[in-house]
Amino acid sequence: MKIEWAPLKVSPARRLQTFITALFTMAFFVLLFSSYLFVAASLFYGGLVLRSLILIYLVYMYVDHKRTHSIIDSNGWMLSRTNTLHRSYRNYFPVELVKTAELPPNRNYILASFPHGILGTGIGINMGVEISKWLELFPQIRPKVGTLDQHFLVPFMREALRAWGLVSVSKEALIHMLTKSNDPKHADNRDGFTSNAVAILVGGAQEAMDSHPGQYTLTLKSRKGFVKMAIRTGSSIVPSFSFGEVDIFDQVANPPDSLLRRVQSVVKKLTGVAPLIPVGRGFFNYTFGFLPQRRRIVQVVGSPIDVVRSAEPDAAYVDKIHGQVMEALEKMFDQYKEQYIPQSKNTRLVIQ
């Protein structure tokens with residue numbers, strides 16, 4: 001294998017972008033394991049004070065999650081959601097945000113986001129760790145990113161996720177977020193925001209397993225839970241497509257009939273998380289490593305699809321709205337692919 005080396009002369013700004021991106025990438029891959037390791041080491045080797053503090057924290061974490069679903073209702077501590085270091089992370093790729101329609105702040109929204117990619121980087125940056133562009137384009141709307149509920153029961157990792165604007169995609173947490181009042185005078189809206197927008201990577205781990213550069217394969221046909229949630233809460237659905245998301249990482253070949261895919265599917269079924277083996281670049285080469293490639297990601301936010309609120313969604317109505325979401329994604333892909341995908345003539349959208 002021929003190694004493509006990075007040039008020796010690189011500007012300090014790009015060096016900083018690479019370093020910050022490395023920190024975020026390592027955090028995503030090792031935060032869960034390192035959190036458990038720290039707790040185990042503290043309980044096993046720590047003194048009485050450290051052990052007591054850890055046990056108190058674990059009890060607090062469990063009780064608070066059961067009571068509040070670990071939700072931070074506001075945008076949280078803004079320094080953790082937009083700062084110079086986070087902007088360096090955005091500029092590494094770079095990640096962009098494109099608005100195609102108004103989102104009035106008098107209702108709540110589910111952003112049906114595709115594709116998942118390996119890490120959901122575009123959504124994670126625009127609506128999580130670096131939300132300055134979102135707040136500029138969609139004022140008065142709080143951006144949130146949904147992730148697995150079990151992540152909020154991981155010590156310390158939970159606090160990082162909350163600080164970055166992530167929320168659980170459990171039924172209870174989503175209902176809490178999506179039924180919040182939109183009245184500017186309501187006590188919950190004293191921060192000046194009147195709307196919540198929760199991005200859900202609908203395809204999840206299954207879609208992540210299909211993520212390879214240049215391949216836009218969406219897992220959507222059988223995913224209707226987000227539509228039912230939108231109808232139950234009266235939230236508008238906003239299709240969102242992140243062009244370039246699949247290009248920042250490759251992964252070890254895992255065709256559907258391979259042993260690796262079978263193992264991944266079993267682990268996903270047991271844990272909800274697929275054990276991917278990503279292939280990126282290194283600090284000093286572009287051929288292999290754990291860093292994502294410098295590839296442009298453009299998140300296009302589509303027009304809202306309004307729904308009629310119902311506590312018991314009718315199956316036929318769910319199918320109707322679900323079909324509108326698929327149609328909107330196909331139109332969005334066809335409309336913007338030439339603008340945001342290199343060699344777009346050879347790229348097609350597959351919805352399965």
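- Residues Ile72 and Ser74 have side chains in contact (heavy-atom distance under 4.5 Å, counting atoms from C-beta outward).
- Of all the heavy atoms in Val300 and Thr100, the pair that sits closest is CG1-CG2, 3.6 Å.
- One hydrophobic cluster, built from ILVMFWY side chains closer than 4.5 Å, holds both Ile20 and Phe249.
- Leu31 and Phe38 fall into different hydrophobic clusters, defined by Ile, Leu, Val, Met, Phe, Trp and Tyr side-chain heavy atoms under 4.5 Å apart, directly or through other members.
- Under the 6.0 Å cut-off for aromatic ring centres, Phe19 and Phe283 do not qualify, their centroids lying 6.0 Å or more apart.
- No donor-acceptor pair closer than 3.5 Å links the side chain of Arg281 to the backbone N or O of Phe288.
- Here Ile341 contributes atom CD1 and Gln343 contributes atom CD; the two are 11.0 Å apart, rounded to the nearest 0.5 Å.
- Contact check on Arg262 versus Asp257 returns no salt bridge, with no Lys/Arg side-chain nitrogen under 4.0 Å from an Asp/Glu carboxylate oxygen.
- Tyr216 is not listed as a side-chain neighbour of Phe114, based on a closest heavy-atom distance of 4.5 Å or more.
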For this session: Please lay out, stage by stage, how Val252 and Val279 fare under the test side-chain contact (heavy atoms from CB on, under 4.5 Å).
Result: CA-CA 7 Å; Val252 173; Val279 179; 4.3 Å; yes
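- The backbone N or O of Arg261 lies less than 3.5 Å from a partner atom in the side chain of Ser258, making a donor-acceptor pair.
- Side-chain contact between Phe241 and Ser113: absent, with no pair of heavy atoms (C-beta onward) separated by less than 4.5 Å.
- The main-chain N or O of Pro155 is found under 3.5 Å from a side-chain atom of Ser35 such that the two form a donor-acceptor pair.
- Enclosure of atom CZ in Phe28 by more than 12 non-hydrogen atoms of other residues, nucleotides or ligands within 6.0 angstrom is indicated.
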Show me the donor-acceptor pairs within less than 3.5 Å that the side chains of residues 326-338 make with the rest of the protein, sequence neighbours left out.
from, atom 1, to, atom 2, distance (Å)
Glu327, OE2, Lys331, NZ, 3.2

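- Partners of Arg107 under the salt bridge (charged side-chain N to carboxylate O under 4.0 Å, His left out) rule, at least two apart in sequence or in another chain, are Asp306.
- Inter-residue side-chain proximity for Ser235 and Tyr109 is flagged as unmet; no heavy-atom pair is nearer than 4.5 Å.
- When side chains are defined from C-beta on, Ser211 does not count as touching His116, because their heavy atoms never get closer than 4.5 Å.
- With hydrogens and angles disregarded, no donor-acceptor distance shorter than 3.5 Å links the side chain of Gln299 to the backbone of Ile125.
- Counting heavy-atom neighbours within 6.0 Å of Arg15 CZ, excluding the residue itself, gives a total above 12.
- There is a path of hydrophobic side-chain contacts, each under 4.5 Å, that joins Ile118 to Met209.
- Contact detail for Leu161 and Phe152: the closest heavy-atom pair is CB-CE2, 4.1 Å.
- Tyr317 places a side-chain N or O within 3.5 Å of a backbone atom of Val308 that can act as its donor or acceptor partner.
- Between Thr179 and Arg232, the closest side-chain pair of non-hydrogen atoms is not below 4.5 Å.
- The structure places CZ of Arg162 at 13.5 Å from CE of Met157, a figure rounded to the nearest 0.5 Å.
- At distances below 3.5 Å, not a single donor-acceptor pair connects side-chain atoms of Asp250 with backbone N or O atoms of Gly280.
- Heavy atoms from other residues, nucleotides or ligands lying under 6.0 Å from NZ of Lys180 number more than 12.
- The two atoms that bring Ser181 and Asn189 nearest to each other are O-ND2, 3.1 Å, heavy atoms only.
- Between the side chain of Asn285 and the main chain of Trp5, no donor-acceptor pair closer than 3.5 Å is present.
- Val198 and Ile123 are not part of a single hydrophobic cluster, where members link through side-chain heavy atoms under 4.5 Å apart.
- With Asn196 contributing its side chain and Asn108 its backbone, the two residues share no donor-acceptor pair below 3.5 Å.
- Remark: side-chain polar atoms of Asp188 are not paired, donor with acceptor, to backbone N or O of Asp73 under 3.5 angstrom.
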**Q.** Residue pair Arg223, Gln206: steps toward the side-chain hydrogen bond (donor to acceptor under 3.5 Å, both in side chains) verdict
**A.** CA-CA 11 Å; Arg223 303 289 174 99; Gln206 182 63 46; 5.4 Å; no
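- The shortest heavy-atom contact between Leu111 and Ser240 is CD2-CB, 4.3 Å.
- Within the structure, every pair that satisfies the salt bridge (charged side-chain N to carboxylate O under 4.0 Å, His left out) test and touches residues 39-64, not counting sequence neighbours, is listed here: Asp64-Arg67, Asp64-Arg158.
- For CZ of Phe33, the number of neighbouring non-hydrogen atoms (other residues, nucleotides, ligands) closer than 6.0 Å is 12 at most.
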Kindly list each side-chain donor-acceptor pair under 3.5 angstrom involving residues 79-99, sequence neighbours excluded, with atom names and distances?
from, atom 1, to, atom 2, distance (Å)
Ser80, OG, Trp77, O, 2.7
Ser80, OG, Ala163, O, 2.8
Arg81, NE, Gly128, O, 3.0
Arg81, NH1, Asn75, O, 3.2
Arg81, NH1, Pro143, O, 3.4
Arg81, NH2, Met127, O, 2.9
Arg81, NH2, Pro143, O, 2.8
Thr82, OG1, Arg87, NH1, 3.2
Thr82, OG1, Glu130, OE2, 2.5
Asn83, OD1, Leu85, N, 3.0
Asn83, OD1, His86, N, 2.8
Asn83, ND2, Leu79, O, 2.7
His86, ND1, Val129, O, 2.6
Ser88, OG, Thr84, O, 3.3
Arg90, NH1, Val95, O, 2.9
Arg90, NH1, Asn126, OD1, 3.0
Arg90, NH2, Asn126, OD1, 3.1
Arg90, NH2, Glu130, O, 2.8
Asn91, ND2, Arg87, O, 3.1
Tyr92, OH, Pro292, O, 2.5
Glu96, OE1, Arg296, NH2, 3.2
Glu96, OE2, Arg296, NE, 2.8
Lys99, NZ, Glu102, OE1, 3.1
Lys99, NZ, Glu102, OE2, 3.2
Lys99, NZ, Leu137, O, 3.0

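- Residues Ile248 and Ile297 form a side-chain contact, since some pair of their non-hydrogen atoms from C-beta on lies under 4.5 Å apart.
- Between Gly302 and Val238, the shortest heavy-atom distance links the atoms O-CG1, 3.3 Å.
- A donor-acceptor pair is defined here as one N or O able to donate and one able to accept, closer than 3.5 Å; such a pair exists between the side chain of His322 and the backbone of Leu220.
- At a threshold of 4.5 Å between side-chain heavy atoms, the hydrophobic network of Ile, Leu, Val, Met, Phe, Trp and Tyr places Leu148 and Leu153 in two separate groups.
- With hydrogens and angles left out, the side-chain atoms of His69 and Ser168 include no donor and acceptor closer than 3.5 Å.
- Looking at Asn254 and Gln264, their side chains do bring a donor and an acceptor atom within 3.5 Å of each other.
- Between Leu218 and Leu349, the closest side-chain pair of non-hydrogen atoms falls below 4.5 Å.
- Salt-bridge annotation for Lys171 and Asp149: absent, with no side-chain N of the basic residue lying under 4.0 Å from a carboxylate O of the acidic one.
- Residues Thr121 and Glu245 come closest through the heavy atom pair N-OE2, 2.8 Å.
- Taking a cutoff of 4.0 Å between a charged side-chain nitrogen and a carboxylate oxygen, Arg142 and Asp191 qualify as a salt bridge.
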Show me the donor-acceptor pairs, under 3.5 Å and distance only, between side chains in residues 53-63 and residues at least two apart or in other chains.
from, atom 1, to, atom 2, distance (Å)
Tyr57, OH, Phe156, N, 3.0
Tyr57, OH, Glu159, OE2, 2.7

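- Shown here are the side chain to side chain donor-acceptor pair (under 3.5 Å) partners of Thr219, two or more places apart in sequence or in another chain: there are none.
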